[in-house]
Structures are given as structure tokens and as C-alpha cells.
Amino acid sequence: MFPERIRSAVGTTFVLSLNVAQKMYRFSRTALWIGTTSFMILILPVVFETEKLQVEQLQQLQQLQQRQILLGPKAALAGGMPGTLTPLPRKV
């Protein structure tokens, strides 16, 4: 029905487009693997440490608020940071 020249051109175009699609798929798969593993190795630990520091700061703030509620605002500030010793009063 169609001339041989058109059929061979269509066949060649189809084979080439199939090859390009396969190469693009392999490249995208490899790039996705490299990007994902790089993110997990380089970025994720930083995110975890940042989250850990934020949680610790929140806990310290909550401890300070609890001291303020129990002992009053001046006692919480005079006591310093939780877990530290307060200096002994000196005799004059």
C-alpha cells in the first residue's frame, strides 16, 4: 500500500525513537538513584541534627517555664540554667 521508502523511514524512525526512550529511561533511573543516595548521605544527617537541637531547646524552654510556674519568675532566673549549681552566698 505504501512505498518501500516510506515504510523503511517509518521503521527507522520507530526504532530510533524506541532507542532514545530506553536511553532516557536508563539515564533518569541512574540520575534518580544518585540524587536519592546523595541526599540520604549528605543532607539527611544535617536535618536530623537540626531537629534534635530544636527538640533539646524546646525541652529546656519547657523546664524553664515549669520552674517559673512552681517557684516564680525571679527564682527561675536566679537559678540559672537547669542542672547547674547556684553560687553560695558570701559572708560580709
Side-chain angles (χ1 to χ4, degrees):
M1 181 169 173
F2 294 105
E4 180 64 31
R5 204 167 134 198
I6 292 176
R7 285 188 290 163
S8 67
V10 170
T12 305
T13 305
F14 177 75
V15 169
L16 286 176
S17 63
L18 188 61
N19 286 338
V20 168
Q22 287 175 342
K23 288 180 182 180
M24 294 277 291
Y25 171 73
R26 287 186 195 121
F27 173 76
S28 64
R29 189 176 62 182
T30 304
L32 182 63
W33 172 256
I34 291 171
T36 302
T37 54
S38 297
F39 174 78
M40 292 176 78
I41 292 170
L42 299 174
I43 304 298
L44 216 50
V46 174
V47 171
F48 286 152
E49 285 299 319
T50 303
E51 183 70 23
K52 181 181 169 185
L53 287 174
Q54 288 176 351
V55 167
E56 288 175 358
Q57 288 175 351
L58 183 61
Q59 287 175 346
Q60 287 178 353
L61 181 63
Q62 288 174 346
Q63 287 175 353
L64 181 63
Q65 288 175 346
Q66 288 175 351
R67 286 184 66 159
Q68 285 178 345
I69 290 171
L70 293 174
L71 303 174
K74 289 185 181 181
L77 294 176
M81 291 300 293
T84 60
L85 298 174
T86 57
L88 295 173
R90 296 184 180 177
K91 291 185 181 180
V92 180

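Worth saying up front: this structure is predicted, and the values here are computed from it rather than measured.
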Let me confirm one number: the CD-CG distance from Q59 to L64, rounded to the nearest 0.5 Å. 13.5 Å
Side chain to side chain contact (heavy atoms under 4.5 Å, CB included) filter on L61, not counting sequence neighbours, yields Q65
Under a 3.5 Å distance rule, please check whether S38 uses its side chain to pair with a backbone N or O of G35 as donor and acceptor. no
Listed pairs under 3.5 Å, donor-acceptor, residues 40-58 side chains, sequence neighbours left out:
unit_1: T50; atom_1: OG1; unit_2: V46; atom_2: O; d: 2.8

Going by side-chain heavy atoms closer than 4.5 Å, which hydrophobic residues are tied to V10, directly or by a chain of links? I6
Atom pairs and distances, side-chain donor-acceptor, residues 26-33, under 3.5 Å, sequence neighbours left out:
unit_1: S28; atom_1: OG; unit_2: M24; atom_2: O; d: 3.1
unit_1: S28; atom_1: OG; unit_2: Y25; atom_2: O; d: 2.9
unit_1: T30; atom_1: OG1; unit_2: R26; atom_2: O; d: 2.9

Quick one: which residue pairs count as a side-chain hydrogen bond (donor to acceptor under 3.5 Å, both in side chains) with a foot in residues 3-17, not counting sequence neighbours? E4-R7
